[in-house]
Asker: 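I have a structure here, written as C-alpha cells, and I will follow up with some questions on it.
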Number of protein chains: 2
Amino acid sequence: MSEMIWEPRRVAAVRADLPPGVTPSGTRGRILEASLELFAEHGYAGTSIRDIGKRVGINSATLYAHYTSKENVLTELIQLGHQELYTRLATAAAAATEPPERLAALVRAHVLAHAEYPLLTVVANTELHAVPADLIDGALKLRAACRTMLLDTLRAGIEAHVFDIADPILTALAISSMGMRVGQWFGPDQPYTAEAVADEYARLALRIAGADTRDAERK
Amino acid sequence: MSEMIWEPRRVAAVRADLPPGVTPSGTRGRILEASLELFAEHGYAGTSIRDIGKRVGINSATLYAHYTSKENVLTELIQLGHQELYTRLATAAAAATEPPERLAALVRAHVLAHAEYPLLTVVANTELHAVPADLIDGALKLRAACRTMLLDTLRAGIEAHVFDIADPILTALAISSMGMRVGQWFGPDQPYTAEAVADEYARLALRIAGADTRDAERK
DNA sequence: GTCTATAGATGGATAGAC
DNA sequence: GTCTATCCATCTATAGAC
C-alpha cells in the first residue's frame with residue numbers, strides 16, 4: 001500500500017490543473033495544458049512540439065499561431081507557477097502575525113500549492129535551467145520574495161525567543177525542501193488529502209524550528 | 001552572501017566526482033565523468049552525444065567504442081549513484097542500534113552522500129524517467145531497500161516509545177526530501193561543509209521524529 | 001486559425017579507413 | 001580505439017494555401 005508514493009516518476013499526477021482564471025481560452029489554453037502535462041512527465045527537452053500538437057489534436061505548426069516558440073510556452077508556465085505560489089504565500093503571511101502561526105501558515109500554503117498544482121510546481125522548479133536568464137526575471141524575483149518571507153519569519157521567531165534555531169538558512173532550506181518535493185509524489189494514487197499533508201508538514205516545520213509546542217500539545 | 005544557495009540551477013557543483021574505485025580507466029571513465037557533468041547541468045534529453053564528445057575531446061563516434069548507447073551511459077551513472085547511497089546507508093544503519101542514533105546515522109549518511117556527490121545524486125534522482133524500467137531494475141531495488149531502512153528505524157522508535165510520530169510515511173518523506181535536495185544547492189559557492197550540513201540535518205530529523213532530546217540538550 | 005509541405009539544423013548511431 | 005564521413009530520423013520553425 002502507498003507503494004506508488006515512492007516511485008521515481010517525475011510526477012504522480014496526470015491531469016494538468018492550472019489555477020482558476022489563468023488558463024487562456026480556446027486552443028491557446030489547451031496548448032498550455034498539454035505542454036504542462038508533457039513537460040512535467042518527460043521534461044522540456046524531452047518533449048517535441050509534435051508531441052504537444054498530438055495531445056492537443058492540432059498540427060504542430062498551429063502552435064505558432066498562439067506562441068512564438070516552444071520556449072515561450074515554458075516561460076509562461078514558469079511564470080504562472082511562481083505567481084501562484086507567491087500569491088498564496090503572501091496571503092498566508094498576511095493572515096498571521098506571530099512567528100509560529102505565520103510559519104505554520106506559510107508551510108501550509110507552500111504544501112497546498114505543490115499538492116494542488118503538482119505538474120505546475122514540478123515544471124516551475126525543474127525546468128528553470130532550460131530558459132535564458134532574462135526570460136525568467138520575473139519568476140526569479142518571485143522566488144526571492146518567497147524565501148525572504150520564510151527567512152524573515154524564522155528570524156522574527158528567533159528574536160521573540162519562540163524558536164530554537166541554530167542556522168536560519170539551513171532551517172529554511174530544510175523546510176522548503178520538504179514542500180518542494182510534494183509535487184513529485186502527491187497524486188491520486190496515494191491515501192492523503194492535500195489538507196492532511198499540509199497540516200502534518202506545518203506541524204513538522206514547527207518542530208524543525210524548535211517551537212515549544214509542549215504546552216499546546218498537552219491540552 | 002549565500003545568495004547562490006537559492007539559485008535555481010540544477011546543480012551547484014561543477015566538477016564530476018565519482019566514488020573512489022568505480023570510475024573506469026581511460027577514455028571510458030572520461031566519457032562517464034563528462035556525461036555526468038552534462039546530464040546534471042542540462043539534463044539527459046538536453047545533452048547530445050556531440051556535447052559529450054566535445055567535453056571529452058574525442059569524436060562523438062568514439063563514444064560507441066566504449067558504450068553501446070547514450071542511454072547505456074546514463075544507466076551506468078544511475079546504478080553507480082544508487083549503489084553508493086545504499087552502501088553508505090547500510091553501513092550507517094549497522095553502526096547504530098538504538099532508533100535515535102540509527103536515525104541520526106542514516107540522515108548523516110544520506111546528506112553526506114548528496115553533498116559529496118551532488119552531480120551523481122541529482123542525475124540518479126531526476127533522470128530515472130528517461131530510462132526504460134527494465135534497465136533500472138537494480139536501482140529501483142536499491143531505492144526500495146533504502147526507504148525500508150528509514151521506515152523501519154522510525155517504526156522501531158515508535159515501538160520503543162522514543163519517537164513521537166503521527167504518520168511514519170509522511171515523516172519519512174519529509175526527512176528524505178530534506179536530504180535529496182541537498183545535491184541541488186550544495187556546492188563550492190556556499191559556506192557550509194558537508195559535515196556541518198549532515199550534523200544539522202540529523203538534528204532536525206530527530207526533531208521531526210519527535211525524539212525527546214531535551215535532557216541531552218540541557219546537559 | 002488551421003492545415004500541408006518543407007526548409008534547415010541537429011539528433012543518435014553506423015561504416016569503414018587507419 | 002579513434003577518426004572522417006554519412007545515413008536517416010527527428011527537431012524547431014516558416015511559407016503559403018484555404
Side-chain angles (χ1 to χ4, degrees), chain A residues 10 23-79 123 126-136, chain B residues 10 23-79 123 126-136:
Chain A
R10 276 177 59 92
T23 310
S25 60
T27 304
R28 185 179 167 95
R30 284 159 57 219
I31 290 170
L32 197 65
E33 289 183 345
S35 301
L36 175 54
E37 290 170 4
L38 291 165
F39 293 168
E41 186 172 353
H42 305 291
Y44 173 75
T47 302
S48 73
I49 56 165
R50 286 178 180 79
D51 296 330
I52 300 171
K54 198 170 292 175
R55 177 154 306 200
V56 176
I58 57 170
N59 189 281
S60 64
T62 303
L63 188 146
Y64 293 92
H66 302 275
Y67 292 92
T68 62
S69 66
K70 179 183 151 189
E71 195 175 75
N72 184 23
V73 180
L74 175 59
T75 303
E76 181 152 329
L77 286 170
I78 289 177
Q79 179 63 26
V123 169
T126 63
E127 301 293 353
L128 281 163
H129 68 102
V131 182
D134 56 314
L135 290 183
I136 48 170
Chain B
R10 275 177 61 93
T23 310
S25 61
T27 304
R28 186 178 165 94
R30 284 159 56 219
I31 290 171
L32 198 65
E33 289 184 344
S35 300
L36 175 55
E37 291 169 4
L38 291 165
F39 293 168
E41 185 171 353
H42 305 291
Y44 173 75
T47 301
S48 73
I49 55 166
R50 287 173 180 82
D51 295 331
I52 299 171
K54 198 171 292 177
R55 177 154 309 199
V56 176
I58 58 171
N59 189 282
S60 65
T62 303
L63 187 146
Y64 293 91
H66 302 276
Y67 293 92
T68 63
S69 66
K70 179 184 151 189
E71 195 176 75
N72 184 23
V73 181
L74 175 60
T75 303
E76 181 152 329
L77 287 170
I78 288 176
Q79 180 63 27
V123 168
T126 63
E127 300 293 352
L128 282 164
H129 69 101
V131 182
D134 58 314
L135 290 183
I136 49 169

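Given the structure is predicted, the values throughout are model-derived calculations rather than measurements. Basis for what follows: all heavy atoms, side chains included, without hydrogens, waters or symmetry-related copies.
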Asker: Salt bridge check, R10(A) against E127(A): does any charged N sit closer than 4.0 Å to a carboxylate O?
Answerer: yes

Asker: Can you check the N59(B) CG to dT2(D) P distance for me, whole Å?
Answerer: 11 Å

Asker: In residues 34-53 of chain A, what residues come within less than 4.0 Å of DNA chain C, judged by heavy atoms?
Answerer: none

Asker: Over how many whole Å does the gap from Y67(B) atom OH to dT2(D) atom C1' extend?
Answerer: 17 Å

Asker: Using a 4.0 Å heavy-atom cut-off across all strands, classify T27(B) as base, sugar-phosphate, or nothing.
Answerer: sugar-phosphate

Asker: Roughly how far apart are R28(B) CZ and E76(B) CD, rounded to 0.5 Å?
Answerer: 4.5 Å

Asker: Only one of V123(A), L135(A), T47(A) passes side-chain contact (heavy atoms from CB on, under 4.5 Å) with L74(A); say which it is.
Answerer: V123(A)

Asker: To the nearest angstrom, how far is I31(B) atom CD1 from dG12(C) atom P?
Answerer: 14 Å

Asker: Which nucleotide, dA13(C), dT2(C), dT4(D), lies nearest any side-chain atom of S69(B)?
Answerer: dA13(C)

Asker: Counting only side-chain heavy atoms from C-beta out, which of dG1(C), dA15(C), dA13(D) sits nearest to K70(A)?
Answerer: dA13(D)

Asker: Using 0.5 Å steps for rounding, measure from the CD atom of Q79(A) to the OG1 atom of T75(A).
Answerer: 9.5 Å

Asker: To the nearest Å, how far apart are L63(B) CG and dT2(D) C1'?
Answerer: 12 Å

Asker: Measuring to OP1 and OP2 of dG1(C), would you say a side-chain N or O of T62(A) lies under 4.0 angstrom away?
Answerer: no

Asker: Below 3.5 Å, can you tabulate the donor-acceptor pairs from side chains in residues 31-45 of chain A to any protein atom, sequence neighbours excluded?
Answerer:
| residue | atom | partner | partner atom | Å |
| --- | --- | --- | --- | --- |
| S35(A) | OG | I31(A) | O | 2.7 |
| E37(A) | OE1 | R55(A) | NH1 | 2.7 |
| E37(A) | OE2 | A16(A) | N | 3.2 |
| Y44(A) | OH | E71(A) | N | 3.1 |

Asker: For K54(B) and dG12(C), give me the distance from atom NZ to atom C1', rounded to whole Å.
Answerer: 16 Å

Asker: Calculate the interatomic distance between Y64(A) atom OH and dG16(D) atom P; express it in whole Å.
Answerer: 18 Å

Asker: If you measure from CD1 on I52(B) to CG on L63(B), what distance do you get to the nearest 0.5 Å?
Answerer: 5.5 Å

Asker: Would you mind telling me which of dT2(C), dT14(C), dT4(D) lies closest to the side-chain atoms of H66(A)?
Answerer: dT2(C)

Asker: At what distance, to the nearest 0.5 angstrom, does NZ of K70(B) lie from OG of S60(B)?
Answerer: 12.0 Å

